[in-house]
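Take a look at the structure below.
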Amino acid sequence: MSQQTPNNIHQDDKDLEINHVEAIDHSQGGIGAVDAKYISHAQDDAANLLREVGPVEYTIEDDRRVLRKLDIWVCLPMFIVYTLVHLDKNALSYAAVFNLKAEAHLVGKQYSWLGSIVYLVQLVVQPLSAYALVRFPMSWWVVGNVFCWGICVCCMAATHNFGGLLATRALMGGFEATISPSFIAMTQMFWRRREQTYRNTAWLMSSSVAGFIGPILSYGIAHVKSGIKPWQGIFLFLGCITLAFCPLIFWMMPNDIPSAKFLTPQEKVIAVERLRDNNTGTRTSSWKWDQVKEAVLDPKTWIWGLMLSCMAIPSSGIGTFGTLITKGFGFNSFDTILFQMPPYVLTITFLLVGTWVMNKINLRFPIVAFFTLFPIAGAAALLYVPRNKPHALLGAYYVIMLYTPLQPLVYSWANMNAAGTTKQRTVGAILFIMQCAGNVAGPQVYLDDEAPVYKTGLYTDMACWSLLFVLICTMALYLKYLNRRQAKKRERMGRMSNIRDMSIMTLEQAAAYRRELAAAGEGDDVNAHAYDDLTDFQNPDFHYIL
């Protein structure tokens with residue numbers, strides 16, 4: 001294999017802009033070893049572990065042992081926190097069934113604004129959240145925000161009018177704003193890209209879990225005769241649950257790999273090294289404005305953002321008005337609450353099956369595109385099924401609710417296709433801002449004078465899901481083009497152009513492929529700059545996942 005000097009690389013591929021990329025020493029090293037040649041220029045915070053410990057041999061079993069620990073100590077608290085996010089966010093919808101609108105004297109669009117204000121505030125505070133995720137210890141930042149929003153939910157029980165509800169909902173939204181971006185960053189920081197699909201699914205699936213257990217809790221709370229109104233009891237109980245979990249989350253969740261007390265020193269090195277194939281590193285604590293610029297100018301950022309807006313408009317609208325739509329079929333308050341449970345069992349099943357198929361075929365876009373068809377069909381049925389057939393209407397509503405897997409799957413797909421710590425956080429912030437914008441708009445298209453059918457809202461939702469289908473196909477074509485461009489970069493640098501992406505292989509497949517590369521005398525320089533905090537545009541080893 002021919003070697004390239006820095007000047008050759010710069011001459012052949014100016015858009016890489018990596019002045020520190022040097023010729024690779026092609027000395028033979030162990031397949032499972034951390035070789036010093038790979039870490040000489042590492043800027044990643046966790047890469048210091050590799051410098052301190054030096055080369056380490058580890059087996060597939062060692063890798064799996066570390067993975068199991070990460071799943072227990074990192075993924076489990078993420079799942080718990082995100083369940084609490086959705087329980088507290090959905091509390092307004094549950095309270096509405098028990099006469100909140102009348103007893104809090106809500107009129108006109110005031111109830112809609114209680115749904116929108118959460119996301120409007122989140123939109124505003126997102127830049128602060130992105131900066132905090134680079135500069136502050138991540139788990140401490142998360143736990144502090146969980147504690148504060150739990151207090152806000154408890155305080156909602158003491159409100160008696162629109163102003164009080166609006167203020168507490170706004171504060172709750174501000175503290176919740178950082179959770180999704182934080183967990184996206186954590187998933188990128190602890191797991192391989194193949195593993196990220198399942199872990200993103202795991203913590204994002206908790207929205208469906210919350211959707212299942214929330215009605216049960218609300219049903220039980222509403223039956224308690226305690227001297228306070230049922231909707232007040234719902235707010236108070238759910239807020240106290242959130243506060244009760246804070247000590248457990250603080251104890252379990254690490255800030256990063258070096259601070260993970262559940263890992264031995266050798267396991268920490270393995271935890272870092274196993275992420276090499278991602279070519280995204282773990283994190284750096286420095287904010288890089290050139291990566292911000294790249295994120296803003298990257299077409300992928302805005303296509304992902306439009307996708308999330310197209311999902312958020314229907315999601316927030318149905319999330320705010322879903323119980324009122326169901327009650328409009330002719331059911332009483334308690335039946336309406338219980339009827340919210342079955343669709344979440346379906347969505348969990350669809351999400352798990354979809355995730356499994358994605359990893360089986362190593363493609364994301366066909367599954368995501370397929371899932372957009374269900375809510376379109378359900379919304380059409382809800383508009384045209386006669387109103388004197390409540391069970392048929394309920395079935396159509398359940399089909400609409402199959403939109404729920406879309407957001408976890410798209411978030412997981414987007415997370416895998418950006419590199420560079422500052423770029424990842426910037427992209428995450430932009431995506432969440434555009435999602436928040438959609439969430440603000442969603443409840444506003446459900447008009448009170450159209451209740452209980454809400455035709456404008458349902459037609460808008462159908463248009464959003466249809467546009468989402470087009471954007472998914474567009475993104476797949478663009479990512480395919482980018483992979484071809486990456487292959488040409490490697491070829492101009494005198495390297496193998498057709499290197500396969502080991503980050504989406506099983507451990508056995510990746511080990512076999514490394515042996516294949518070694519036998520062919522190739523691949524010694526593959527993923528050599530995984531910890532140099534390069535963006536996906538800068539790193540020629542980065543692979544885009546379709």
Side-chain angles (χ1 to χ4, degrees), residues 81-82 84-129 132 141-182 210 214 217-218 221-222 227-246 312 315-317 319-321 323-324 432-433 435-444 446 448:
V81 171
Y82 212 65
L84 297 173
V85 167
H86 283 275
L87 281 174
D88 294 342
K89 194 176 292 182
N90 294 341
L92 178 70
S93 180
Y94 303 142
V97 176
F98 295 102
N99 217 26
L100 168 69
K101 292 178 72 174
E103 293 180 358
H105 313 294
L106 303 180
V107 296
K109 301 287 288 183
Q110 288 182 341
Y111 178 73
S112 296
W113 275 110
L114 291 180
S116 295
I117 191 63
V118 171
Y119 306 106
L120 185 61
V121 173
Q122 289 181 352
L123 187 154
V124 173
V125 303
Q126 235 3 263
L128 171 63
S129 175
W141 173 251
V142 168
V143 174
N145 281 277
V146 173
F147 181 80
C148 292
W149 100 57
I151 292 176
C152 292
V153 177
C154 290
C155 290
M156 290 178 71
T159 59
H160 299 283
N161 53 41
F162 174 68
L165 286 168
L166 189 73
T168 49
R169 288 278 293 178
L171 288 170
M172 184 193 77
F175 292 122
E176 283 185 353
T178 193
I179 302 302
S180 291
S182 296
L217 293 174
S218 300
I221 296 165
I228 61 174
K229 296 178 175 63
W231 60 268
Q232 291 176 315
I234 290 171
F235 289 139
L236 188 60
F237 183 79
L238 294 180
C240 287
I241 288 179
T242 297
L243 294 175
F245 271 104
C246 286
S315 176
S316 61
T320 304
F321 285 86
T323 52
L324 298 179
F432 201 67
I433 286 171
Q435 178 185 328
C436 288
N439 284 330
V440 171
Q444 304 305 317
Y446 282 75
D448 280 351

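All values derive from a computational prediction rather than experimental measurement. Hydrogens, waters and symmetry mates play no part in the numbers below; they use all other heavy atoms, side chains included.
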| said: Please find the pair of heavy atoms, one from P443 and one from G115, that lie closest to each other, and give the distance. | reply: CG-C, 4.3 Å
| request: Report yes if the side chains of V146 and F175 come closer than 4.5 Å at any heavy-atom pair, otherwise no. | output: no
| task | Please determine, by modelled atom types, if T242 and D88 share a side-chain donor-acceptor pair under 3.5 angstrom. | result | yes
| field | Non-hydrogen atoms of Y111 and A96 that approach each other most closely | value | OH-CB, 3.4 Å
| field | S112/Y446 under side-chain contact (heavy atoms from CB on, under 4.5 Å): CA gap, chis, key distance, verdict | value | CA-CA 8 Å; S112 296; Y446 282 75; 5.7 Å; no
| request: Return yes if some donor-acceptor pair links the side-chain N/O of N90 with the main-chain N/O of S93 below 3.5 Å, else return no. | output: no
| field | Which atom of I179 lies closest to which atom of V85, heavy atoms considered | value | CG2-CG2, 4.0 Å
| request: Quick one: pull up CD1 in I234 and CD1 in I221 and give me the separation to the nearest 0.5 Å. | output: 6.0 Å
| Full working for side-chain contact (heavy atoms from CB on, under 4.5 Å) between F235 and C155 | CA-CA 8 Å; F235 289 139; C155 290; over 6 Å; no
| message | I need the Y119 OH to S316 OG distance, nearest 0.5 Å. | response | 6.0 Å
| field | Heavy-atom donor-acceptor pair, Q122 side chain to G173 backbone, under 3.5 Å | value | yes
| remark: Heavy-atom closest pair (Q110 atom, H105 atom, distance to 0.1 Å) is OE1-O, 3.6 Å
| message | Within this structure, what is the CG-CD1 distance for the pair L92 and I117, rounded to the nearest 0.5 Å? | response | 12.5 Å
| field | Atom pair CZ/OG of F98 and S218 - distance to nearest 0.5 Å | value | 6.5 Å
| C154 side chain reached by C240 side chain, heavy atoms, under 4.5 Å | yes
| said: Atom CZ of residue position F162 - does it have more than 12 heavy atoms of other residues, nucleotides or ligands inside 6.0 Å? | reply: yes
| message | Is there a side-chain contact between W231 and N99 in this structure, where contact means two heavy atoms from C-beta onward sitting under 4.5 Å apart? | response | no
| message | Quick check: closest heavy atoms across V440 and S116, and the distance to 0.1 Å? | response | O-OG, 2.7 Å
| query | Can you find a heavy atom in the side chain of W149 that is under 4.5 Å from one in the side chain of L84? | reply | yes
| said: Before you tell me yes or no, could you show the steps for L100 and L165 under side-chain contact (heavy atoms from CB on, under 4.5 Å), namely the whole-Å CA-CA distance, both residues' side-chain angles and the distance that decides it to 0.1 Å? | reply: CA-CA 11 Å; L100 168 69; L165 286 168; 4.1 Å; yes
| task | Using modelled atom types only, decide if a donor and an acceptor are shared between the side chain of Q232 and the backbone of K229 within a distance under 3.5 Å. | result | yes
| field | Gap separating the CG atom of N145 from the SG atom of C246, nearest 0.5 angstrom | value | 10.0 Å
| Going by heavy atoms in the side chains, are T168 and V153 under 4.5 Å from each other? | no
| said: Counting C-beta onward and ignoring hydrogens, is there a side-chain heavy-atom pair between N439 and V118 closer than 4.5 Å? | reply: no
| message | Minimum heavy-atom separation for C152 and L171, please, with both atom names. | response | SG-CB, 3.5 Å
| request: Evaluate the side-chain proximity of R169 to W113: yes if any heavy-atom separation is below 4.5 Å, no if none is. | output: no
| query | Heavy-atom distance under 4.5 Å between the side chains of L217 and Y94, does that happen here? | reply | no
